[in-house]
Amino acid sequence: MTTEAVMSPDTSGHFGPFGGRFVPEALMAALDELDAAFRSAKADPVFIAELNDLQVNYTGRPSPITIASRFSEHAGGATILLKREDLNHTGSHKINNVLGQALLTKRMGKSRVIAETGAGQHGVATATAAALLGLECVVYMGEEDTKRQALNVARMELLGAKVIPVTTGSRTLKDAINEAMRDWVANVEDTHYLLGTVAGPAPFPEMVRDFHRIIGDEAREQMLSRFGRLPDVVAACVGGGSNAIGIFTAFIGDTSVRLVGLEAGGDGVETGRHAATITGGAIGVLHGTRSYVLQDDEGQTIESHSISAGLDYPGVGPEHAFLAHIGRAEYRPVTDTQAMEAFRLLCTTEGIIPAIETAHALHGALELGKELGPEAIILVNCSGRGDKDVATAANWFNLMDTKS
Amino acid sequence: MTTIAQAFSKAHSEHRAALIGYLPAGYPSVSGAVDCIAAMVEGGVDIIEIGLPYSDPLMDGITIQEAVQQSLENGTKIADVIATAAKVSELGVATLIMSYWNPIERYGVEKFASELHKAGGVGVITPDLTPEEAHAWVEATDANEIDRVFLVALSSTDERLATVAAATTGFVYAGAVMGVTGARTSLGDAVRQVVTRTREYTELPIAVGLGVSTPEQAHEIAQFADGVIVGSAFINAINSGGPDAARELAQKLRAGVVR
Ligand SMILES: Cc1ncc(COP(=O)(O)O)c(C=O)c1O
């Protein structure tokens, strides 16, 4: 199985039976325009050089790999390595995709970007790029999320973006996407929808992946040059799936490397209160793409639940659905409690406060280490830092400590 | 059972555009929706679109979003939507369903089309399904004599107009504005052009919707289109005055659609 064979969607954006475009006709012309702009940019050395310059001199790439030795002691002796996307400017992997799409926005001659955000990391990254490139920026954020990620709301506003709290439906990420789509349909002439994950209609899943694949490309190279071998497992948390696909892509052709996505198990998949879409969902269409969806028997979306705003989404990118379908990647749920334990453990053993999203992957790595034993090397995508989560974490541990 | 073609040709013979009214099933209640639709038909609506309530209506503005959310909270199921279609078709109007794609796919494409046909329904409008993704839907609708209505938009290229027109049966739905549903005070002139451009690719009737709310707008559109579609304005009327207000609005719109 070659990497390219697995990676390339068909001409209408399908990964096997998944993906495609399920959108109002009004958006079709804009998606075609975006697709054309993306393909011409990818082949344009000037665009590539400009993006590369920003990645190195603005974001601070390449991001290092850190050996998490003390954390690894809790992983059955296996070695856990962290790909440090948390060290990027703005504090997460999200900036990789945002810079690419913001440059494309200028290339298409558009002057306004809109974005959805859950944890606020994508919103902050978008507000940042908009400030850098002189674009007007509006971010839609579920009202529920504006509360649990208040720090990021303030950051976006400082950066000059307008944050619009969304008060419909579950008031979280899925509703923010609905609202952003409504804005886009009405303003598509001058506005680019800067989607923050590998979901949505084609070409978003492929395009967002290509802007994030630098994570895995760097990591694979770093593994070979510094450690002389590939990891046994690459692990990442999966909300929509952008950080996971970003680190998986370079390793897809390496069949010896297991790819493991960690979904948000919330209160536990068996309780129905979770966001583990591949583990607990069914095939359907949401937000313009066919993939796994948390839905009832009549195709109504079921609200997801997770302590992590960035994973609290009832859909998942179509390429992940495909990788699960063909058995190339595995997806497992991690509960809120398990994630928060791993969160605290990383803080106290490595001096790194991870994003709560990332903590799901960290728990997965601990579990995989115990399964695989001392020889194993597990590479975790440390997708973001946890400054935004300090209040949530303080609340959680306070609650837990007073309970026990 | 009245077909879409019959409804348009009747309106045409009366030198007017067809009046098409939308209401979500289950709003304000399952039986309340039937009462309101009956009033709309008494007032002169020729074709009824029954909305299938969906949790993520991303083509809809706040009026329809709120109505649909209320309907879902009332517990409206697909069986209720089909039962509503059966009652409406007995009123003698051409009866369509307007639905986002996922509920139909999840319910079963063939099952949905055949149950709707048995209930007397004649067509389905799918605002987030494009012809490119519609292979199974084309088969199921052909097999069950259900018209499948796709949309054209102000932004559609000629190539896309041709694709949409070729896949559509019944009538072509032309969006009057770039944006979501919801009453608007003014509509641009661009929709006239998109209707003219679409005629190059089809003999089917073309109806204009999205944002249309007043008899004046209906009159303007009736001069160049075959049908006028009104949704949010009926919901607003029902919210303030129930079936009587819906009937009254239908009468005014019906007076508007003359040529
Ligand atoms: C740090 C971090 N990791 C992961 C995610 C989840 O997104 P994705 O699955 O697209 O990587 C988010 C989303 O907000 C995030 O902020």
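From a predicted model like this one, the values you see are computed outputs, not experimental measurements.
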Within-4.5 Å side-chain heavy-atom neighbours: B:Y27 and B:I64 | no

In terms of heavy-atom contacts, A:A37 and A:L104 come closest through O-CD2, 3.6 Å

Can you name the salt bridge (Lys or Arg N to Asp or Glu O under 4.0 Å) partners of B:E49, sequence neighbours left out?
-> none

Sort B:L154 into side chain, backbone, both or neither according to what part of it lies under 4.5 angstrom from a heavy atom of chain A.
-> neither

Within a strict 4.5 Å, meaning less than it, do heavy atoms of the B:Q65 and A:T168 side chains meet?
-> yes

Give the C-alpha distance, both sets of side-chain angles, the deciding distance and a yes or no for salt bridge (Lys or Arg N to Asp or Glu O under 4.0 Å) between A:D296 and B:K77.
-> CA-CA 11 Å; A:D296 69 13; B:K77 300 286 181 210; 5.0 Å; no

Hey, what do you get for CE (A:M141) to CE (A:M156), rounding to the nearest 0.5 Å?
-> 4.5 Å

Could you tell me whether a side-chain N or O of A:H192 sits under 3.5 Å from a main-chain N or O of A:T105, the two making a donor and an acceptor?
-> no

Which pair of non-hydrogen atoms, one from A:P165 and one from A:T146, has the smallest distance, and what is that distance?
-> CB-CG2, 4.2 Å

Relative to chain B, which of A:P201, A:A26, A:A29, A:A282 shows the most heavy atom pairs under 4.5 Å?
-> A:A26

Contacting region of B:L72 [heavy-atom separation from chain A under 4.5 Å] | side chain

Taking all atoms of both residues into account, what is the closest heavy-atom pair of B:A140 and B:V109, and its distance?
-> CB-CG1, 3.5 Å

Enumerate by number any residue of residues 127-137 of chain B whose heavy atoms lie under 4.5 Å from heavy atoms of chain A; in the absence of such residues, state 'none'.
-> B:P127, B:D128, B:L129, B:T130, B:E132, B:E133

Taking 4.0 angstrom as the limit, do A:R171 and A:E144 come out as a salt bridge?
-> no

Expected contact set for residues 157-176 of chain B against chain A at heavy-atom separation under 4.5 Å reads B:R160, B:V164

Portion of A:Q295 that has a non-hydrogen atom of chain B nearer than 4.5 angstrom = both

So, the side chain of A:Q101 versus the backbone of A:N97: is there a donor-acceptor pair under 3.5 Å, distance only?
-> no

Write out, in numerical order, the residues from residues 55-63 of chain B with a heavy atom short of 4.5 Å from a heavy atom in chain A.
-> B:S55, B:D56, B:P57, B:L58, B:M59, B:D60, B:I62

Atom pair CD/CD1 of A:E357 and A:I307 - distance to nearest 0.5 Å = 10.0 Å

Would you please indicate yes or no on a ring centroid separation below 6.0 angstrom for A:H287 and A:Y313?
-> yes

If every non-hydrogen atom of A:G240 is compared with every non-hydrogen atom of A:V198, which pair is closest and at what distance?
-> O-CG2, 3.5 Å

Atom group of A:D183 that falls short of 4.5 Å from chain B, counting heavy atoms | neither

How far apart are the C-alpha atoms of A:R107 and A:S40, what are their side-chain angles, what is the distance that settles it, and do they pass the side chain to side chain contact (heavy atoms under 4.5 Å, CB included) test?
-> CA-CA 10 Å; A:R107 195 179 170 94; A:S40 93; 3.0 Å; yes

